[in-house]
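Worksheet: one structure, shown below.
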Amino acid sequence: MVVTQIREGSKVVIAAVSPAARAIGLAPGMAVTQARAQVPGLDIQPADPAGDLAELQRLALVAARRWSPLTALSGNDGLFIDITGTAHLFGGEAKMARRIVRLLARLGFTARIAVADTAGAAWALARYGRAEGGVAICPSGAQEEALALLPIAALRAEPAAIELLRRLGVERIGQLIAIPRAPLTRRFSAALVSRLDQALGRRDEPLDPVIPVEAIVVMQRFAEPIATAEVIEHWLGVLMPRLTTALAEAGLGARLVELVADRIDGVPQRLRIGLARPTRDAPHLLRLIVRRIEEIAPGFGIDALALHVRRADPLGAQPFAERLEERPTDLAPLVDALANRIGDRRLWRSQPVESDVPERSVAYLPPLDPPAQDTIKLKADDVRQLDRSPDLHPWHHRWPRPVRLLRRPEQLDHVIAELPDQPPRRFSWRGEMHKVVRADGPERVQGEWWKRTAEQHAVRDYFQVENEAGQRFWLFRRGDGVRAETGDLAWFMHGAFG
């Protein structure tokens, strides 16, 4: 049984419950302490309202593209979908609703769908009505009969008005409908009467639909097929300003642009370029694509060229320096050129990580993204507040590390070395024998026993060695040479200097 918790003022309450937890009496709004006392061992996870809302917005965009263009958010847990004029495309209202429920179930979501003439009636039936298989269908014009037995809370009224009605003995919508409008409006706010009229269809309820972002694409078709690189480059020069103009109108900068060349034989040629930062620089984008024109196989000819923006980020006005010499160097064009030539996975920036184990003391970051600042806000009574010493850099200058570390240490063969603390005199690596003429070490590295129990006794002794050819390597022996539990005395190559 799983529940999520959220803080409301000074209280921590349940935000959502699983079906098993609801079956034993747990419900949203209940205090977490009460739930723990009622169900020992309850799995309580932190709620993520912002993430849930983002997922709901993504679902709304999918619904707007797939089921109806008039789709709006309904609070933080629902959607309004106006299926007027689209239900027949999916086999009718009931069949369409059941299909949506099954689709969401395959994606891991539990859904209840109600179909009614008004948004208010659909909202009430979906949350408080009886739904067979997760679907409730209200016949046209039968909102009053369908809502009569539902509680007042189904009208989306204010909690204060609902509580006052309960004190007066009005608990069902049917009882509220029977009250004359004039005294009801005088005693309560006009919002309650408005909600009732909207649910019954006596007053319109406008929706604020989500608007899917249209993909940015520019295209050029040709009366006669083109096949040469020069002609393709010419038309790319015509299309690129159109693309950057469309990006500027949308306030976006391209992060991924795809060139699609439609051949007359129906086999499209695709070419993608990625950008380290969002940009609308037409000459820069054109240079990146032109450098890779040779990857396009025109075949018997190309009858259309299209540039698609596959990914884009907001890009507003950029600040600039008053004098040209004060402008910082922008490495983004260089990074884009290298990444599109050798691949973005082969281009990165290193960030130091606090760790005693060498392969864990470095992390790979995108070449232009700033490194994350891991700042921990300490409480006023935290003893770490007393530490005034400056933070030590994870890579200490007295402990040099090689320029290149192997992805995984590689085991050495035919190693000759004296125990317990002498460097190797000779070793074989990748089928080649190396004779050591100079060495320095050992530098002992203990395992991170506080992180991994298996490294409680682990020891590595690192040596810097130089062979007859002047090559300098960084290798280590597993174990201290005295205690067997520290390692098996195997030797490994871990990196190279220079």
Side-chain angles (χ1 to χ4, degrees), residues 1-63 71-80 104-105 107-113 119-120 123-124 126-128 134 150-167 171 188-189 191-192 195 207-208 210 314 354 369-387 450-451:
M1 291 176 289
V2 182
V3 302
T4 60
Q5 65 178 13
I6 191 171
R7 178 174 292 277
E8 291 184 355
S10 60
K11 299 188 301 181
V12 180
V13 299
I14 294 177
V17 298
S18 64
R22 187 182 294 274
I24 62 173
L26 301 184
M30 180 185 294
V32 172
T33 54
Q34 179 183 352
R36 282 199 180 101
Q38 183 175 339
V39 184
L42 182 65
D43 186 5
I44 302 176
Q45 301 293 333
D48 183 15
D52 294 341
L53 182 59
E55 291 292 337
L56 185 64
Q57 290 172 341
R58 280 192 283 269
L59 179 60
L61 291 175
V62 172
T71 301
L73 295 181
S74 172
N76 296 326
D77 60 351
L79 297 178
F80 285 126
L104 294 176
L107 297 176
F109 296 98
T110 300
R112 287 170 59 91
I113 297 180
W123 191 96
R127 287 165 173 80
Y128 296 92
L150 299 184
I152 300 297
L155 288 178
R156 298 173 291 166
E158 298 177 356
I162 296 175
E163 181 62 26
L164 181 56
L165 286 170
R166 286 177 179 173
R167 292 179 182 178
E171 297 184 352
F188 300 93
S189 64
L192 177 64
R195 286 298 191 188
L207 300 179
D208 184 16
V210 297
E354 189 172 356
D369 289 353
Q373 300 294 331
D374 298 330
T375 57
I376 302 176
K377 188 176 181 180
L378 302 178
K379 295 182 179 180
D381 57 349
D382 197 310
V383 295
R384 287 176 289 181
Q385 293 277 11
L386 302 176
D387 186 10
W450 59 93
K451 295 181 180 178

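Heads up: numbering here begins at 1 and tracks the sequence.
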Can you measure from [atom1] ([X]) to [atom2] ([Y]) and round to the nearest 0.5 angstrom?
X      : Y      : atom1 : atom2 : answer
Leu107 : Leu59  : CG    : CG    : 8.5 Å
Thr4   : Asp48  : OG1   : CG    : 10.0 Å
Arg36  : Thr33  : CZ    : OG1   : 8.0 Å
Leu53  : Arg58  : CG    : CZ    : 10.0 Å
Arg195 : Ile152 : CZ    : CD1   : 14.0 Å

Within the structure provided, determine whether [X] and [Y] are in side-chain contact (heavy-atom separation under 4.5 Å).
X      : Y      : answer
Leu79  : Leu56  : yes
Gln57  : Val210 : no
Arg127 : Ser74  : yes
Arg7   : Pro46  : no
Val12  : Ile6   : no
Leu42  : Leu26  : yes

Can you name the nearest heavy-atom pair linking [X] to [Y], along with the distance?
X      : Y      : answer
Ala15  : Ala47  : CB-CB, 3.9 Å
Phe80  : Leu207 : CD1-CD2, 3.8 Å
Tyr128 : Ala153 : OH-CB, 3.6 Å
Leu73  : Ala60  : CD2-CB, 4.0 Å
Arg156 : Gly120 : NH2-CA, 3.3 Å
Leu104 : Ala111 : CD1-CB, 3.6 Å

Audit row: Leu192, Leu165, side-chain contact (heavy atoms from CB on, under 4.5 Å) steps and yes/no: CA-CA 11 Å; Leu192 177 64; Leu165 286 170; 3.8 Å; yes
How about [atom1] on [X], more than 12 heavy atoms from neighbouring residues, nucleotides or ligands closer than 6.0 Å, or not?
X      : atom1 : answer
Lys11  : NZ    : no
Glu158 : CD    : no
Glu8   : CD    : no

